[in-house]
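Notes for the one structure printed next.
Indexing begins at 1, ligand by ligand and atom by atom, following the structure's order.
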Amino acid sequence: MASVTDIEELSEDAAKAELARLSELLNKANTAYHGDDDPDISDADYDALKRRNAQIEARFPHLKRADSPSEQVGSAPAEGFSKVTHEVAMLSLSNGFDAEDISDFDARIRRYLALEADAALSYTAEPKIDGLSLSLRYEGGALVQAATRGDGRVGENVTANARTIADIPTSIVGAPDVLEVRGEVYMSHPDFEALNARQAEAGGKVFANPRNAAAGSLRQLDAEITRARPLRFFAYAWGALSEPLAETQMGAIDRLGEMGFQTNPLTRICAGPQELMAHYDEIEAQRATLGYDIDGVVYKVNDLALQDRLGFRSTTPRWAIAHKFPAELAWTRLEAIDIQVGRTGALSPVARLHPVTVGGVVVSNATLHNEDYVSGRDNKGATIRDGKDIRVGDWVQVYRAGDVIPKVADVDLNKRPADAEPYVFPQRCPECGSAAVREPGDAVRRCTGGLICPAQAVEKLKHFVSRAAFDIEGLGAKQVEQFYTDQWIREPADIFTLRARYGSGVQQLKNREGWGEKSATNLFDAIDDRRKITLSRLIFSLGIRHVGEAASNTIAMHYTDWATFDAAMRAAQDSETPAWQDLIDIDGVGTVMATSLVQTLAQPAERASIDRLIAELDVQPVARPKTDGSPVAGKIVVFTGTLEKMTRAEAKARAERLGAKVSGSVSAKTDIVIAGPGAGSKAKKAAELGIETLDEDGWLSLIAGV
Ligand code: IVH
């Protein structure tokens, strides 16, 4: 059915006619597929038509139609990109905003490494490019794979697209056998302007900023479209390596430069926070004339052996920080204050704003944090904004820092309407009418309705299906809302009985708006895929207050399987028990989190709901880190007294990497106590119980070489 004329041979007129024909065919196929649920062509034929359309557009960009099928997102049945699991996770950076944050960063590192205050510690400083990160894998010097960051663990395979970018060498000389180069794909200002001008002329999509243009151009299913887009790449990091690149960050960047990668010419070595700040000022002064967008300066510990010792928190390295440029600001009118109810019942005031552009993005909603923030106080009762409250009708200052939710910073009293009334915070939940109360010490007023509150139930479900939790393809926030409203899903367990209840069901599901036979079947399959779930994702997905992603991971590592965890939580209801002690001894679990966990799991309605969920799942026990040959794998160790070669934090992190469990108290279950000078009652107890006790050197030689 596709025309046989070679694209290279198409005349302009023929191309125009062909684009019109393809647009009609694809539109018809879309309607058949989505509207009538009666596909008239196969997926493969559909893909072929789309590909041909994209190729013609790439050759004749000016002929691209206003209703071009290639701009219709989400309607293609194409599978999209295949998934790539990163061998080394692609992490993000923690942020700093001022000189104090940067000196804290330096101080934190010195503390962690137990460095003297006057010991030398140098950093690299380089621009933070505002694009999207990409990981390039070379084997034997040949580019074999390119993947986007995705959620950090799994990204999208964009190899064909990456090969079209001139800054990305497809083969390199003198590289380690395995080399993953990481960096940023971006678009320069002149290229962005020219692309948008071309797009506008051809009636195509005009991009809001260079970052969106770069992302949209890289994530094209047709690599020929990417080829026609002027993308660039700066290398600044690496993932898996068969051998080290250098001993320092700067040395490694220089080597990447020698291999043919573009590295940023503003990268410098700085001796400490003062020099970092000076280089920051220098880069900021050049920001407008660089020719590409940057949103801050990244600092990294230069010595790679120290980077290795510092390691990572759950999603960010300890050895780097992004020093962000100041947030962009704008003034606008506050049209209303709405209250949103979150999954833990928190009542959050949201500003509805007259739309205003802040840093290239139109903002019409912003957070007002909580009751106190609106009234001009912080949560300790101290005044903020000189005590000015915020009222509907006010002129307010809005800002965005990075990708975070916009916030309201200030209010202009000179422009306050005479009839503006102080905002009265509701004392009842606007969603279910239950009392909304503020516990002593809590900054937030909360709905007491629990699971009877529809807002809490829906937010819990949204959290349950979110990316770091069950991450069910095709079941996002929007679909969850729809299913909840229609009473098909009231609690997480209902997701897993959906096929059984509505299963012949495809029929019923497909009659709903937005669902077709294929998407319905895909959804049921995606749900079934997720019955197998890791313990840490499961704990996180329960949405228990104070129990975030990192804590869920730590807790899962400790208990290793659901039955053990569940039994321990039941036992820990009594705070006199060893189970309670064991829980609060976990590094990273405090009494507030422990109480929240234990109480939530003991609450009868929650309990019943969780039990129904568990019955549907196959919870995977924790896959332990690779600890082959580790003499301390699975052992419970306790550090006490002063450590001299490293800090307690580093010692703990290292022990955990080797598969040990680090506990805060000595019991009969303890395997090893590491006692430094000044060790007191714990060392004594260890001796009484006959537990192996080592000094710091003894510990270090035990774990040496693994
Ligand atoms: S280093 C393990 N250096 O910023 C840390 N990141 O906010 C690896 N980015 O995901 C990142 N310029 O996409 C690094 N010079 C630079 C960067 C940079 C931009 C991006 C990167 C990362 C994000 C984190």
Side-chain angles (χ1 to χ4, degrees), residues 86-97 101 105 109 123-136 146-156 158 162 167-168 180-188 209-212 214-215 218-219 231-241 245 248-250 252-254 256-257 261-270 276 279-280 282-284 286-287 290-302 304 306-325 327 400-404 467:
H86 298 296
E87 189 178 325
V88 175
M90 288 182 81
L91 300 176
S92 52
L93 293 168
S94 57
N95 293 327
F97 296 93
D101 291 344
F105 165 69
I109 289 178
Y123 298 91
T124 58
E126 74 209 63
K128 183 169 188 297
I129 317 297
D130 198 4
L132 69 152
S133 47
L134 186 67
S135 185
L136 305 168
T148 61
R149 178 168 181 273
D151 65 2
R153 276 178 279 265
V154 180
E156 287 175 328
V158 291
D167 284 350
I168 296 179
E180 283 182 6
V181 177
R182 290 176 176 178
E184 204 83 353
V185 173
Y186 69 101
M187 197 177 281
S188 77
N209 53 48
R211 207 203 83 82
N212 288 359
L218 182 69
R219 295 185 69 264
L231 293 174
R232 295 164 190 248
F233 181 79
F234 272 129
Y236 53 64
W238 54 91
L241 290 176
L245 286 174
T248 60
Q249 177 75 30
M250 197 65 175
I253 295 302
D254 287 345
L256 292 177
F261 291 94
Q262 301 298 318
T263 59
N264 197 287
L266 288 170
T267 311
R268 298 271 184 286
I269 294 182
C270 297
L276 289 173
H279 192 48
Y280 171 90
E282 199 179 305
I283 291 177
E284 195 183 18
Q286 297 181 49
R287 186 179 182 187
L290 283 178
Y292 49 87
D293 277 354
I294 63 173
D295 58 351
V297 181
V298 182
Y299 308 146
K300 299 170 185 168
V301 168
N302 191 34
L304 296 183
L306 295 184
Q307 282 193 8
D308 201 43
R309 278 181 61 193
L310 286 157
F312 302 88
R313 306 178 201 93
S314 61
T315 59
T316 56
R318 287 194 189 84
W319 42 264
I321 194 167
H323 185 177
K324 302 295 283 280
F325 292 135
R400 286 174 60 238
D403 274 335
V404 295
R467 210 169 193 189

Subject >> Proximity winner for atom 19 (C) of ligand 1, if only heavy atoms of Asn264, Ile129, Val185, Thr315 are counted >> reply: Ile129
Subject >> Numbered atoms and elements of ligand 1 in range of Leu91, under 4.0 angstrom, heavy atoms >> reply: 10 (O)
**OP:** Determine whether the aromatic ring centres of Phe97 and His323 lie less than 6.0 Å apart.
**Re:** no
Original post:
Is the closest heavy-atom distance from Pro127 to ligand 1 below 4.0 Å?
Top reply: yes
Original post:
Can you name the residues that form a side chain to side chain contact (heavy atoms under 4.5 Å, CB included) with Arg313, not counting sequence neighbours?
Top reply: Ser94, Arg108, Thr316, Arg318
Original post:
Between Phe325 and Tyr280, is the ring centre distance below 6.0 Å?
Top reply: yes
**OP:** May I ask you to check whether Tyr123 and Tyr299 place their ring centres under 6.0 Å from each other?
**Re:** no
**OP:** For atom 3 (N) of ligand 1, state which one of Lys128, Lys324, Lys300, Gln249 supplies the nearest heavy atom.
**Re:** Lys300
Original post:
Looking at Glu126, which atoms of ligand 1 are within less than 4.0 Å of one of its heavy atoms?
Top reply: 3 (N), 15 (N), 16 (C)
Original post:
Hey, does Pro317 sit under 4.0 Å from ligand 1 if you only count heavy atoms?
Top reply: yes
Original post:
How far is atom 21 (C) of ligand 1 from its nearest protein heavy atom, and which residue and atom is that?
Top reply: Tyr236 OH, 3.0 Å
Original post:
How far does CD of Gln249 sit from CG of Leu306, to the nearest 0.5 angstrom?
Top reply: 12.0 Å
Original post:
Non-hydrogen atoms of Met90 versus ligand 1: any pair closer than 4.0 Å?
Top reply: no
**OP:** Around atom 13 (O) of ligand 1, find the nearest protein heavy atom and jot down its residue, atom name and distance.
**Re:** Glu184 OE1, 2.8 Å
**OP:** Could you tell me whether Val298 approaches ligand 1 through its side chain, its backbone, both or neither, with non-hydrogen atoms closer than 4.0 Å?
**Re:** side chain
Original post:
What residues, two or more places apart in sequence or in another chain, satisfy side chain to side chain contact (heavy atoms under 4.5 Å, CB included) together with Glu184?
Top reply: Ile129, Ser133, Tyr236
Original post:
At what distance, to the nearest 0.5 angstrom, does CG of Asp295 lie from CG of Asp293?
Top reply: 8.0 Å
Original post:
Does Leu304 reach the side chain of Asp308, with side-chain heavy atoms less than 4.5 Å apart?
Top reply: no
Subject >> Identity and distance of the protein heavy atom lying nearest atom 5 (C) of ligand 1 >> reply: Leu93 CD2, 3.7 Å
